[in-house]
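The block underneath contains the structure these notes are about, expressed in structure tokens.
Note: hydrogens, waters and symmetry copies are ignored here, and every other heavy atom, side chains too, is used.
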Amino acid sequence: MTRADTQAALRNPLAFIAARWTPDPRTVRRAALVALVMAVTIVVTGGAVRLTGSGLGCPTWPKCTDDSLTATREMGLHGIIEFGNRLLTYVLCAAVGWAIIAARSTKPYRRELTRLGWAQFWVVMGNAVLGGIVVLVGLNPYTVALHFLLSTALIAVATVMWQRAREGDTPPRPLVGSVVQQLVWVLVGVTVLLIAVGTVVTGAGPHAGDSSDVPRMDVPWDDVSRLHAVLAWIVVTLTFALWFVLKAVDAPKGPLDRTRDLFLILLAQGVIGYVQYFTDLPEVLVGAHMFGSCLVWIATLRVLLSLRERPLPEDSGSGEAEESGEAGESGAAGGSGDVSQAAGESTPVPAPTPQPYEATSASMAGPR
């Protein structure tokens with residue numbers, strides 16, 4: 001590497017990499033998927049911190065203690081769990097960084113895909129700072145709820161990037177009518193409300209995140225839990241109705257499959273929710289319910305994104321290539337004499353005999 005290359009890499013490392021590397025489309029899709037998986041993982045591990053009472057395992061931020069950047073032996077298991085969750089933030093940053101590099105290096109340059117990667121980066125940075133504030137204010141339930149909602153926003157951006165990595169950049173073509181689209185947007189809105197009320201259920205519930213006296217949201221837990229269940233049933237009903245509407249309008253397979261997936265996930269999530277409610281909220285089931293909420297959100301977004309298509313450029317080209325390939329094969333089978341004759345390797349083919357016909361006002365007498 002020359003001195004000029006080093007200076008260029010320091011000035012704009014992403015442009016330097018993009019100029020020397022073009023990732024395979026499959027690599028870009030995998031990078032986007034890894035970022036999405038890590039966004040869900042950090043939610044699950046954050047839930048484990050709260051459910052094990054390790055929220056203040058590291059009592060300060062950004063250090064673990066006033067005197068140590070890492071957890072110490074005296075802090076025990078709670079310190080290890082909390083500090084381990086903090087370390088996973090760096091893994092998440094690495095996954096998002098890899099997605100940004102892969103998107104930036106794609107040829108031709110995909111500006112929207114790269115911006116989705118950067119959006120994830122800034123959400124991660126903002127949520128990391130908010131996580132520190134959560135610790136500094138002693139696990140205030142309102143900041144904890146906002147922390148989870150910001151993680152939900154990160155999952156949304158990661159899901160969109162994963163979908164866009166598998167599409168082209170042509171203008172989207174709707175696959176269903178405007179009425180169906182409006183129904184899906186209502187479904188998305190109610191799902192957002194369901195997740196938001198779920199954070200209130202958590203904030204008013206018994207799992208405060210630490211063994212010390214942590215304040216809870218001053219709302220009736222039973223009432224807000226029932227509201228959460230009502231919203232869940234509304235989402236299930238809307239999903240069930242959407243599937244029938246899609247069948248009635250003869251929608252493509254994609255929206256039908258995504259709606260079916262959402263319905264099955266909702267059923268599983270509902271079973272977990274009712275079981276944990278009637279068994280006094282065991283930690284394992286609460287953690288599973290948090291993971292399920294991530295899957296519900298992803299599945300809902302996939303329903304929304306399935307209502308339009310943006311074909312990849314190679315999709316149309318591949319069809320043409322297949323047609324040309326078939327034509328070439330048939331030409332090779334039926335027209336091999338022409339090809340070999342051009343190469344001077346076959347026997348002459350007799351010329352066709354001219355067929356006479358009667359002249360008309362629109363033609364001249366002679367052979368066709």
Please check if atom [atom1] in [X] has more than 12 non-hydrogen atoms from other residues, nucleotides or ligands closer than 6.0 Å.
X	atom1	result
Asp223	CG	yes
Arg115	CZ	no
Trp21	CH2	yes
Arg111	CZ	no
Lys253	NZ	no

Which donor-acceptor pairs under 3.5 Å do side chains of residues 299-308 form with protein atoms, sequence neighbours excluded?
unit_1	atom_1	unit_2	atom_2	d
Thr300	OG1	Val296	O	2.7
Ser306	OG	Arg302	O	3.4
Ser306	OG	Val303	O	2.7
Arg308	NH1	Glu167	OE1	3.4
Arg308	NH1	Glu167	OE2	2.5
Arg308	NH1	Leu305	O	3.1
Arg308	NH2	Glu167	OE1	3.2

Are any non-hydrogen side-chain atoms of [X] and [Y] less than 4.5 angstrom apart?
X	Y	result
Pro206	Leu281	yes
Val28	Leu113	yes
Val271	Val275	yes
Met125	Cys93	yes

How about Tyr277 and Trp221: are their ring centres within less than 6.0 Å of each other?
->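 Between Trp221 and Tyr277, which both carry aromatic rings, the centre distance is below 6.0 Å.
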Taking the six-membered ring for Trp, is the centroid-to-centroid distance between Trp243 and Phe240 below 6.0 Å?
->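 No, ring centres 6.0 Å or more apart.
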NZ/NE/NH1/NH2 to OD/OE distance under 4.0 Å, Arg50 and Glu82 |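 No salt bridge links Arg50 with Glu82.
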Lys/Arg N to Asp/Glu carboxylate O, Asp169 vs Arg310, below 4.0 Å =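 No, no charged N to carboxylate O under 4.0 Å.
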Is Leu231 linked to Leu266 within one hydrophobic cluster, defined over Ile, Leu, Val, Met, Phe, Trp and Tyr using a side-chain heavy-atom separation of less than 4.5 Å?
->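 Yes, because Leu231 and Leu266 connect within a single hydrophobic cluster, where side-chain heavy atoms sit under 4.5 Å apart.
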By side-chain hydrogen bond (donor to acceptor under 3.5 Å, both in side chains), which residues pair with His289, not counting sequence neighbours?
->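 In terms of side-chain hydrogen bond (donor to acceptor under 3.5 Å, both in side chains), with neighbours along the sequence ignored, His289 is linked to Gln269.
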So, Trp297 side chain and Thr152 main chain: donor-acceptor pair closer than 3.5 Å or not?
->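 Indeed, once roles are kept as given, a pair shorter than 3.5 Å links the two residues.
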Quick one: does Gln181's side chain have a donor or acceptor within less than 3.5 Å of a partner on Val176's backbone?
->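 Yes, Gln181 side chain to Val176 backbone: donor-acceptor pair under 3.5 Å.
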